[in-house]
Colleague: 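Submitted below is the structure of interest, expressed as structure tokens.
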Amino acid sequence: MTKVGGWTGKILRVNLTNGKISTEDTIKYKDFIGGMGIGYKVMFDEVPAGTKAFDENNKIIFGAGPLTGSGAPCSSRTNITSLLPSNPYNAVSDSHMGGNFAAMMKYAGWDAIIVEGASSKPVWLRIEDDQVSLEDASAVWGQGIFKSTAEIASIIGNEASIAAIGQAGENMVNLSVIMNGTSHSAGGHGGVLGSKKLKAIAIKGTGAVHIAAHKYELLKLNEYMMKEIIGANNQHVVPRTPQPWAEYHNSGSRWLSRKGLYWGGAETPIETGENPPGDMKKVGFRTMKAVMDLGPVAEKYTIRMGGCQSCPIRCHSQLKVPHLEKYGLSPYVSNTCVGFSGPNGVMIKGVTDQFEEGDKSMMGKIVGAQLTDDYGVWCNYGLIGKDFKYAYNTGILKKVLPKEEYESIPWDKLEAGDPAFLLDFYRRIAFKEGELSHLGDGTYWIAQRWNYGDDFWHGNDYGVWSPLGFPKHHANESGSQVGALISCMFNRDAQCHSHMNFIGSGLPIAIQKEIAAEVWGSPDAIDEPANYTPMNEYKAKFAKWSIIRNCLHDSLTLCNWMWPMTVSPVMARNYRGDTALEAKFLSLITGEQISEEDLDLAGERIFTLHRALTVKQMGTIDMRTKHDVMNDWVYDVDPDKKAFTPGTIKMDRNDMQIALTMFYKEMGWDEKTGAPTKETLIRLGLQDVANELESLKLLP
Amino acid sequence: MEKDKKDKLMVTADFVRKASMEVRLVKPDDFFAEPISMDQEQLLDILEQVFNNPDFADIKTIHGSESQYFYSSNHMTESYAKMLVRIEDKDLLKMVAETVRHESKIYPRPTDGKLFSTSPFSFNAEQLDDVVSQLKNQENYQDIQETRASNGAMYLYSNRFMTREHAIALTEWIEVLQHETS
Ligand code: SF4
């Protein structure tokens, strides 16, 4: 690839079957930008339909994009693409991790790493700039992620970034993660590395990402974003509590900093304080998420907020909680959001205060996070707890578990709300011990195996979104049909926050509607929360925009828990964000003039390729009835209320079919089936994809 | 003479700005006391000039039930100044009711009872319980209604701007359900 800014120009390919290590030119994938885009293209071109996640033929791609390593805010996300074992069709999916792995990969000179084949013995991949080798991993095989990371770091050096799997990945547990930095995890693909006997990838990069523009131009753009556009985590732009500088406040905001709230576990406690827009040095204090995720008691244990390379937001709470040692765990714990709450979801009877008043919310979460981060177990966005709850509460577990196994489980701890229960639970999952461990297969598989009833799938209590076995994730509760459409389109829970960041920004509905009119063409693109209106074309545009921006972010690679910058905290801007910022950064960094429209087209291409991959793997074009389906609770919740009345988020069956039709139309897909048409594939430069689908008789 | 007048304008404006930085409103009485020490007539004259001079466009006035107040919009938003005025008015019922109506109308959302325990309101639990029970008995405030989330947290809303069903659903979302997502 001719040297342009942003991309390194090289992709590393490692064949674990024959040990061959080779280099490819990134240029082939330039239309797909990077990260997710490269991943989908490799999967479409190289992995035959019908391949299973743990087959030798499956591949796994670690991808970064042109913005990673450039210094653009919130840009060190690694996109991992492969077949997903927890999906009934093992359809393609992506998982993402933050940390510093992606930036280090770029500094070492690689835009992506394609791993193929399978090794006959445990290995780890050592990358020091262009020196690449496969190393014996027998000493760390069988170890958890924490120890493995430390051992490998002692060989390659502490400055390396190491992405590893734990025992769950090694044992090919469907619900397992790949993790770097010992708390930045990508859920779903750990077992794929395990099936290939690849314990870890360790990278040391000493280079830099070439930036085409003069550095002052980039600094200027950075400063503009930092002073005028960026808010707190999830791009929340109003503080949680009333503050003199702020016109609005919202108790759900992740802008938690205020006078009197401290990083209380720091050697000298640090006050988070008020951090109005304009002071870019204090942006990192805004998201004091420890108290949001773990409760007020966490304040005094919070050493600081951490996060990914090149991110000023710092959404990972880093705590020292000595009580953890009583469970045989390290007192140092770090995580965020569902990384805390998901593992604790298994405590279905709740957790009681353990060491001090009010620590119940914290103790279950940090014990769960330490265990799952070390074993490398994934919570399926919290669904493992719901799967367990159903089996326990309905008596299924008593029936399916051998008596001896059932009696060996410390149910008394579960009933008493003692998080020590999790020690036993997650060991069984990670090591595939006994029948209980099948909870690690994922929702679809366990529901088949243990014959879960309709009340599980269709009951509101469990929140199972799709018959394919994944949960709601910013679905109909987040923007009515917009969130519902987004949640139907992927092969796992939708990891899309573009819509939710906007809806949850904390601004009054009138301002949100004005911005919606400017960005998606009408104020009717959004509804008031829990006061919905029937489908309209602007909601379809909003849903499309949200998804293609999400795909763009995972290709550029930017954090979609922050981007896109639809709103701003600045009153003088009338809270308008800047939706062209991705294009502005990319233009400066690459030296090529790239418009917002160019980028959105690339996002559309990447998302349509994802759809083509799904059609190919499922062997049907009938996406409408085989894939884009919601369980009944979405329509039947609140039986005494009608859809589109205030106070309910229930959807209407006919209306959702109209919504799908409008969405397919926006995407240029076949309005009947929801499969990409030949014309659209050609319009997006995907002629080869069209040819392949045609040969498989999978074009509408 | 001109310079002297300009200095006075500056001193007056800076006095207001400093108070706003310290999260306080300025009352007319504050100008009569040290260090400004103006009389009524001087104050009216100075204020007229301040309000007509673009250099002092940040100096704003706002009225409470008993007094007029001044603040600088460089350091305080109008909405925050309104909260402080409601506190200055010492009419707790009106303060809670107006805050709740405002939130029910613009966001729209029910107001978390915990809001009133944070700055600048800083009620204790008994004060809030007392205010809520008094609201129920006053004709002027019959639009202010209570909801409870499944964890017992208390929220208030105004039925002028929100139906009960809507308020109940949002209470549960704000207090419980949104924390299950990320
Ligand atoms: S917002 Fe959080 S997850 Fe996103 S880049 Fe920043 S630290 Fe990482």
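What you see below is based on every heavy atom in this structure, not just the backbone, and it leaves out hydrogens, waters and symmetry mates. Each chain gets a letter, A, B and so on, in the order its sequence line appears, and its residues count up from 1.
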Colleague: Given heavy-atom pairs under 4.5 angstrom as the criterion, report whether the side chain, backbone, both or neither of A:E247 touches chain B.
Modeller: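 For A:E247, the contact with chain B is made by backbone and side chain together.
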Colleague: Is the side chain of B:Q142 donor-acceptor paired with the backbone N or O of B:K136 at a distance under 3.5 Å, no angle test?
Modeller: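 Yes, B:Q142 side chain to B:K136 backbone: donor-acceptor pair under 3.5 Å.
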Colleague: Heavy atom to heavy atom, less than 4.5 Å: which residues from residues 28-67 of chain B reach chain A?
Modeller: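 Within residues 28-67 of chain B, no residue comes under 4.5 Å from chain A.
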Colleague: Is there a side-chain contact between A:S505 and A:Q512 in this structure, where contact means two heavy atoms from C-beta onward sitting under 4.5 Å apart?
Modeller: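 The answer is yes, as the side chains (C-beta and beyond) meet within the 4.5 Å cut-off.
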Colleague: Between A:D353 and A:K360, is the salt bridge (charged side-chain N to carboxylate O under 4.0 Å, His left out) condition met? List the steps.
Modeller: CA-CA 4 Å; A:D353 283 346; A:K360 62 181 173 196; 5.2 Å; no
Colleague: Measure the shortest side-chain to side-chain distance between A:H249 and A:Q243 over non-hydrogen atoms and say whether it is less than 4.5 angstrom.
Modeller: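 Sidechains of A:Q243 and A:H249: no contact.
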Colleague: Is it the side chain or the backbone of B:R164 that comes within 4.5 Å of chain A heavy atoms, both, or neither?
Modeller: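 Neither part, no heavy atoms under 4.5 Å.
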Colleague: Determine whether A:R492 and A:N380 make a side-chain contact, defined as any pair of heavy atoms from C-beta on separated by less than 4.5 Å.
Modeller: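 Not touching, per the 4.5 Å side-chain cut-off.
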Colleague: Select, from A:T648, A:N250, A:N233, the one with the greatest count of heavy-atom pairs under 4.5 Å involving chain B.
Modeller: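 Answer, by heavy-atom pair count under 4.5 Å with chain B: A:N250.
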Colleague: Side chain from CB out, backbone as N, CA, C, O: work out which of these in A:L507 comes under 4.5 Å of a heavy atom of chain B, or both, or neither.
Modeller: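 The backbone, not the side chain.
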Colleague: With a 4.5 Å cut-off on heavy-atom pairs, point out which of B:K105, B:E103, B:M21 contacts chain A the most.
Modeller: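 So the answer, after comparing B:K105, B:E103, B:M21, is B:E103.
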Colleague: Whether the side chain of B:S104 engages the backbone of B:R101 through a donor-acceptor N/O pair (distance < 3.5 Å, no angle test) should be reported.
Modeller: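 Checking the backbone N and O of B:R101 against the side chain of B:S104, no donor-acceptor pair under 3.5 Å is found.
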Colleague: Which one of A:P244, A:P471, A:G647 has the most heavy-atom pairs closer than 4.5 Å to chain B?
Modeller: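 Sorted descending by pairs with chain B, the first entry is A:P244.
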Colleague: Do A:H497 and A:W561 have ring centres separated by under 6.0 Å?
Modeller: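 Yes, they do, as the ring centres are separated by less than 6.0 Å.
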Colleague: Looking at B:F70 versus B:F15, is the centre-to-centre ring distance below 6.0 Å?
Modeller: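 Not under 6.0 Å, so no.
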Colleague: Pick one of side chain, backbone, both or neither for B:S119, based on which atoms fall under 4.5 Å of a heavy atom in chain A.
Modeller: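 When you check distances to chain A, only backbone atoms of B:S119 fall under 4.5 Å.
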Colleague: Using heavy-atom distances under 4.5 Å, tell me whether B:I168 contacts chain A through its side chain, its backbone, both, or neither.
Modeller: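 Neither part, no heavy atoms under 4.5 Å.
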Colleague: How about residues 71-86 of chain B versus chain A: which residues have heavy atoms under 4.5 Å apart?
Modeller: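 So the qualifying residues are B:H75, B:M76, B:T77, B:S79, B:Y80, B:M83.
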Colleague: Is any side-chain heavy atom of A:P508 less than 4.5 Å from a side-chain heavy atom of B:Y107?
Modeller: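 A:P508 reaches B:Y107 side chain to side chain.
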Colleague: Are the side chain of A:Q235 and the backbone of A:N501 linked by a donor-acceptor contact shorter than 3.5 Å?
Modeller: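 It does not hold such a pair.
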Colleague: Backbone N or O of B:A153 within a donor-acceptor pair of the B:N151 side chain at under 3.5 Å?
Modeller: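 Yes, the answer is positive, given that a donor and an acceptor are paired below the 3.5 Å cut-off.
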Colleague: Can you measure from CG (B:L115) to OH (B:Y155) and round to the nearest 0.5 angstrom?
Modeller: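 The distance works out to 10.0 Å.
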Colleague: Any donor and acceptor pair, going by atom type alone, linking the side chain of B:Q127 with main-chain N or O of B:N124 inside 3.5 Å?
Modeller: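 Checking the backbone N and O of B:N124 against the side chain of B:Q127, a donor-acceptor pair under 3.5 Å is found.
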Colleague: So which residue, A:N531, A:T241, A:I511, ends up with the most heavy-atom pairs under 4.5 Å with chain B?
Modeller: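 Ranked by heavy-atom pairs under 4.5 Å with chain B, first place is A:N531.
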Colleague: Go through the steps to decide whether A:E528 and A:K513 satisfy the test salt bridge (charged side-chain N to carboxylate O under 4.0 Å, His left out), and finish with yes or no.
Modeller: CA-CA 9 Å; A:E528 285 180 10; A:K513 280 188 167 281; over 6 Å; no
Colleague: Counting heavy-atom pairs closer than 4.5 Å to chain A, which one of B:E172, B:E165, B:E175 comes out on top?
Modeller: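 Among B:E172, B:E165, B:E175, the one with the most close pairs to chain A is B:E165.
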